[in-house]
Asker: 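Structure provided below as structure tokens; questions to follow.
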Amino acid sequence: MISAIKGMNDLFGEKAFRWGKMEEDIKKMMAAADFGEFRTPILEEIALFKRGVGETTDVVKKEMYDFLDKKGRHVAMRPEGTASVVRAFVEHGIGINYPTPFKAFYIAPFFRYERPQKGRFRQFHQFGVEIFGDETPQMDAEMIFTASRVLEHFGIDYEIHLNSIGCKKCRAAYREKLIEYFSARKDELCEDCRTRLELNPLRLLDCKACDPKARYADVPKMTDYLCDDCRNHFEELQKALHAFGVPFVLDPFIVRGLDYYTKTAFEIVAKTGGSQNAVAGGGRYDNLVSDIGGSDTPATGFAMGLERLFDLIPEDFYKEAPLSAGYALCDEAVLQLVEFTKKMSKENVRFLADYKPKKLKKALQKAEKTNASFVFVIGEDEAANGKILMKNMATREQTLFDKNDISGIISAISEK
RNA sequence: GUGGGUGUAGUUCAAUGGUAGAGCACCGGAUUGUGGAUCCGGGCGUUGUGGGUUCGAGCCCCACCUCCCACCCCA
């Protein structure tokens with residue numbers, strides 16, 4: 001038997017319905033805030049992610065779903081969205097051809113070669129936004145507001161953790177400070193952290209194994225080392241968030257797993273749920289566009305995990321429209337049912353036709369199983385007299401309609 | 001990549017190393033055009049895959065794979 005690839009899921013039935021509604025709602029909210037949809041290919045040259053996301057990141061080092069194509073080109077299935085959108089932004093001269101701020105969003109599948117677990121899969125889906133050409137802290141605030149707005153819409157209990165990780169200049173200074181601080185305590189660190197100290201000292205703050213930030217109250221904080229420009233930006237951002245009415249907590253140890261962030265960095269965690277409770281994350285990336293080969297363009301954005309979001313949305317958040325089902329009880333009724341199906345289709349009602357003639361009892365049993373609210377039956381009598389029988393499954397009420405009385409039928413099924 | 005658990009009918013699970021079963025679901029029926037209950041009838045499935053031990057393996061051993069949970073990391 002052939003089964004799905006590890007870490008990849010099928011989606012169908014009622015879950016697929018709710019997933020579709022979730023995406024629909026997100027798209028509506030995006031349209032209202034003038035974010036345009038941005039679609040990019042699933043496959044990219046692996047070099048894009050190495051350069052964009054960062055050679056030293058785990059995502060690139062060990063989680064890339066990559067392979068050689070038939071011409072021997074090294075390609076990767078995108079592990080995140082920002083690098084691709086930036087590549088397209090540069091490739092099409094969007095910064096020159098479109099007014100700024102340029103606001104884009106995506107809802108798309110991504111791939112990471114990881115060991116699956118709760119809330120984590122090899123093919124997963126993210127919703128995200130990217131805003132180009134605007135360096136203001138207010139735009140960062142709007143970006144974070146956008147994420148919170150989506151979560152609010154779905155009634156999710158969340159907490160925003162906010163930090164600034166500075167720019168090239170001040171982060172270098174902070175980095176030195178960190179190295180100095182932890183080098184003095186090297187033998188108290190776990191093995192991983194000793195490596196991190198060499199490669200990417202900022203990530204050391206994230207460690208849960210030896211958990212340095214919990215053990216030492218006096219670990220240097222990035223926010224104490226911000227340059228004037230960055231500190232000012234961070235302060236203005238907080239004011240703007242207050243103005244947007246977005247609640248947040250300052251978390252000086254938020255670093256991000258992707259190398260491209262500057263200044264603003266944030267994560268949103270769900271207050272309910274288990275270990276994989278990071279539902280969204282993002283920040284500013286003022287150097288990425290130029291790193292990819294474009295002109296100097298400030299940018300900011302976030303990504304939200306749709307599987308994680310979906311799990312947080314109550315199951316009864318969306319309800320399917322009541323189903324109507326039609327049955328023919330004899331051969332003579334089949335074509336009349338076909339005609340009726342056509343009429344119902346034009347009315348956009350949720351209608352399921354079963355053309356195989358069956359006894360009334362069977363038809364009702366089937367209607368019961370398919371969860372139909374209204375049943376339409378054409379038997380010998382109805383077929384001969386141009387009628388159709390409607391039964392309300394909940395009340396057991398029956399009404400005989402003229403088969404052409406579509407408006408009467410529609411109002412009957414719309415009442416409840 | 002690491003650690004733990006798991007894998008038997010569509011599904012949920014049984015089966016002291018000795019011929020693989022049940023509930024649910026599904027299909028059919030209980031006489032004429034009225035549903036959810038009840039009753040009756042209907043299941044050989046390469047026991048995840050491949051090796052090995054044994055007279056004999058669903059059960060023991062090895063490898064690989066799946067799924068679940070956690071770590072790492074992230075959304």
Asker: For atom P, what is the distance between B/rU6 and B/rU12, given to the nearest Å?
Answerer: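 Per the computed distance, 16 Å lies between those P atoms.
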Asker: Whole-Å distance between B/rC68 P and A/R122 CZ?
Answerer: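 Whole-Å distance recorded here is 11 Å.
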Asker: Could you give the distance separating B/rA22 and B/rG43 at their P atoms, to the nearest angstrom?
Answerer: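 Here B/rG43 and B/rA22 have their P atoms 10 Å from each other.
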Asker: Can you find a donor-acceptor pair, distance only, under 3.5 Å between A/R396 side chain and B/rU34 base?
Answerer: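 Result: no qualifying N/O pair found.
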Asker: Output the single nucleotide from B/rG33, B/rC69, B/rG35 whose closest atom is nearest the side chain of A/Q117.
Answerer: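 Side chain of A/Q117 sits closest to B/rC69.
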Asker: If the C1' atom of B/rG10 is compared with that of B/rC27, how far apart are they to the nearest Å?
Answerer: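 Between the two C1' atoms, the distance is 13 Å.
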Asker: Among B/rA75, B/rU34, B/rG36, find the nucleotide with the atom closest to the side chain of A/L389.
Answerer: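 Shortest atom-to-atom distance from the side chain points to B/rU34.
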Asker: Quantified in whole Å, what is the C1' atom distance between nucleotide B/rA9 and nucleotide B/rA25?
Answerer: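 Taking atom C1' in both B/rA9 and B/rA25, they lie 12 Å apart.
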Asker: Check whether the side chains of A/T262 and A/R171 place a donor and an acceptor atom closer than 3.5 Å, and report yes or no.
Answerer: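 The answer is no; no qualifying pair exists.
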Asker: For A/K369 and B/rA25, what is the distance between atoms NZ and C1' respectively, to the nearest whole Å?
Answerer: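 Roughly 10 Å, once rounded to whole Å.
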Asker: In whole angstroms, how far is the P atom of B/rG35 from the CD atom of A/E397?
Answerer: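 In whole Å, B/rG35 P and A/E397 CD are 17 Å from each other.
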Asker: From B/rU34, B/rG35, B/rG33, pick the nucleotide closest to the side chain of A/Q398?
Answerer: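 For the A/Q398 side chain, the nearest candidate turns out to be B/rU34.
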Asker: Which of the following nucleotides, B/rG33, B/rG35, B/rA75, is nearest to the side chain of A/L360?
Answerer: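 The closest nucleotide is B/rG33.
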Asker: Over all strands shown, is A/E307 touching base, sugar-phosphate only, or nothing at heavy-atom distances under 4.0 angstrom?
Answerer: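 Since no nucleic acid heavy atom lies under 4.0 Å of A/E307, the category is nothing.
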Asker: Show, in sequence, the C-alpha distance, side-chain angles and deciding distance for A/H74 and A/E45, and conclude whether the side-chain hydrogen bond (donor to acceptor under 3.5 Å, both in side chains) test is met.
Answerer: CA-CA 6 Å; A/H74 198 174; A/E45 260 182 63; over 6 Å; no
Asker: Checking all strands, does A/A367 fall into the base, sugar-phosphate, or nothing category for heavy-atom contacts under 4.0 angstrom?
Answerer: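 Here A/A367 touches no strand at all.
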Asker: Taking the ring centre of each residue, are A/H242 and A/F248 less than 6.0 Å apart?
Answerer: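 Yes, they do, as the ring centres are separated by less than 6.0 Å.
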Asker: Report which part of the nucleic acid A/K362 touches: base, sugar-phosphate, or nothing (heavy-atom distance under 4.0 Å, all strands).
Answerer: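 The answer is sugar-phosphate, as A/K362 gets under 4.0 Å only of primed atoms, P, OP1 or OP2.
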Asker: When you measure from the side chain of A/D134 to the backbone of A/T100, do you find a donor-acceptor pair of N or O atoms at a distance under 3.5 Å?
Answerer: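 Answer holds: no.
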Asker: In whole Å, I'd like the distance from the NZ atom of A/K118 to the C1' atom of B/rC72.
Answerer: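 That distance rounds to 19 Å.
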Asker: Classify the side chain of A/Q365 versus the base of B/rG35 as yes if they form a donor-acceptor pair under 3.5 Å and no if they do not.
Answerer: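 Side chain to base: no pair below 3.5 Å.
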Asker: Does any nucleotide pair with B/rG1 by Watson-Crick or G-U wobble geometry, both distances under 3.5 Å, and what is it?
Answerer: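 B/rG1 is paired, partner B/rC71.
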Asker: Can you say whether a donor on the side chain of A/K359 sits under 3.5 Å from an acceptor on the base of B/rU34, or the other way round?
Answerer: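 Between B/rU34 and A/K359, which were checked side chain against base, a qualifying N/O pair under 3.5 Å is absent.
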Asker: Could you measure between the two P atoms, the one in B/rC59 and the one in B/rU53, and give it in whole Å?
Answerer: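 Each nucleotide's P atom is 15 Å from the other's.
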Asker: Would you indicate what A/G119 reaches in the nucleic acid, counting non-hydrogen atoms under 4.0 angstrom: base, sugar-phosphate, or nothing?
Answerer: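 Here A/G119 touches the bases of the nucleic acid.
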Asker: Can you identify which nucleotide, out of B/rC69, B/rC67, B/rC72, has its nearest atom closest to the A/K6 side chain?
Answerer: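 Nearest listed nucleotide: B/rC67.
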Asker: Applying the 5.5 Å / 30° rule, does A/F110 stack onto the base of B/rA75?
Answerer: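 Per 5.5 Å and 30° rule: no stacking.
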Asker: Round to the nearest Å and state the distance from A/K356 atom NZ to B/rC27 atom P.
Answerer: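 To the nearest whole Å, that distance equals 11 Å.
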Asker: Can you tell me how far C1' in B/rU47 sits from the matching atom in B/rU31, rounded to whole Å?
Answerer: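 Pairwise C1' distance, B/rU47 against B/rU31, rounds to 44 Å.
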Asker: A/K361 side chain N/O closer than 4.0 Å to the phosphate oxygens (OP1, OP2) of B/rU34?
Answerer: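 The answer is no; no side-chain N or O of A/K361 sits under 4.0 Å from OP1 or OP2.
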Asker: Between A/N404 and A/K343, do the side chains contain an N or O donor and an N or O acceptor separated by less than 3.5 Å?
Answerer: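 Yes, A/K343 and A/N404 have a side-chain donor paired with an acceptor closer than 3.5 Å.
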Asker: Establish, yes or no, whether a centroid distance under 6.0 Å links the rings of A/F132 and A/F89.
Answerer: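 So the answer is yes for these two rings.
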Asker: Please confirm whether any donor atom in the side chain of A/E382 sits under 3.5 Å from an acceptor in the base of B/rG33, or the reverse.
Answerer: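 For A/E382, whose side chain was compared with the base of B/rG33, there is a donor-acceptor pair (under 3.5 Å).
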Asker: Considering only side-chain heavy atoms of A/A278, which listed nucleotide, B/rG35, B/rA75, B/rC68, is closest?
Answerer: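 Selected nucleotide (nearest to the side chain): B/rA75.
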Asker: Partner of B/rG45 by Watson-Crick or G-U wobble geometry, both contacts under 3.5 Å, or none?
Answerer: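 Its partner: none found.
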Asker: Counting Watson-Crick and G-U wobble pairs only, both distances under 3.5 Å, name the nucleotide matched with B/rC13, or none.
Answerer: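 Pairing partner, where one exists within any strand: B/rG21.
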Asker: What is the distance, rounded to the nearest whole Å, between atom CG of A/L400 and atom C1' of B/rG33?
Answerer: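 So the CG-C1' distance, A/L400 to B/rG33, works out to 13 Å.
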Asker: What is the separation between atom CD1 on A/I5 and atom C1' on B/rC67, rounded to the nearest whole Å?
Answerer: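 For the pair A/I5 CD1 and B/rC67 C1', the rounded distance is 14 Å.
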Asker: Nearest of B/rG33, B/rG36, B/rU2 to any side-chain atom of A/R115?
Answerer: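 Ranking B/rG33, B/rG36, B/rU2 by closest atom to the A/R115 side chain puts B/rU2 first.
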Asker: Check every strand shown and say whether A/G281 touches a base, only sugar-phosphate, or nothing at a heavy-atom separation below 4.0 Å.
Answerer: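 Since only primed, P, OP1 and OP2 atoms lie under 4.0 Å of A/G281, the category is sugar-phosphate.
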Asker: If only side-chain N and O atoms count, and only distance matters, is there a donor-acceptor pair under 3.5 Å linking A/T57 with A/D259?
Answerer: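 Short answer, no.
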Asker: Hey, which sits more toward the 5' end of RNA chain B by its nearest nucleotide, A/K391 or A/M304?
Answerer: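 In this pair, the answer is A/K391.
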Asker: Atom CZ of A/R112 to atom C1' of B/rC72: distance rounded to whole Å?
Answerer: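 Answer to the nearest Å: 13 Å.
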Asker: Please measure how far the P atom in B/rC61 lies from the corresponding atom in B/rC44, and state the result in whole Å.
Answerer: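 Going atom to atom, P in each nucleotide, I get 31 Å.
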Asker: Check the phosphate of B/rC72 against A/R120, side-chain N and O only, distance under 4.0 Å to OP1 or OP2. Yes or no?
Answerer: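 Result: no.
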Asker: Side chain of A/F121 only, heavy atoms from C-beta on: which candidate in B/rC68, B/rG33, B/rG35 is closest?
Answerer: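 Comparing B/rC68, B/rG33, B/rG35 against the side chain of A/F121, the answer is B/rC68.
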Asker: Can you confirm whether the side chains of A/D25 and A/Y318 place a donor and an acceptor under 3.5 Å from each other?
Answerer: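 Present: a donor and an acceptor within the cut-off.
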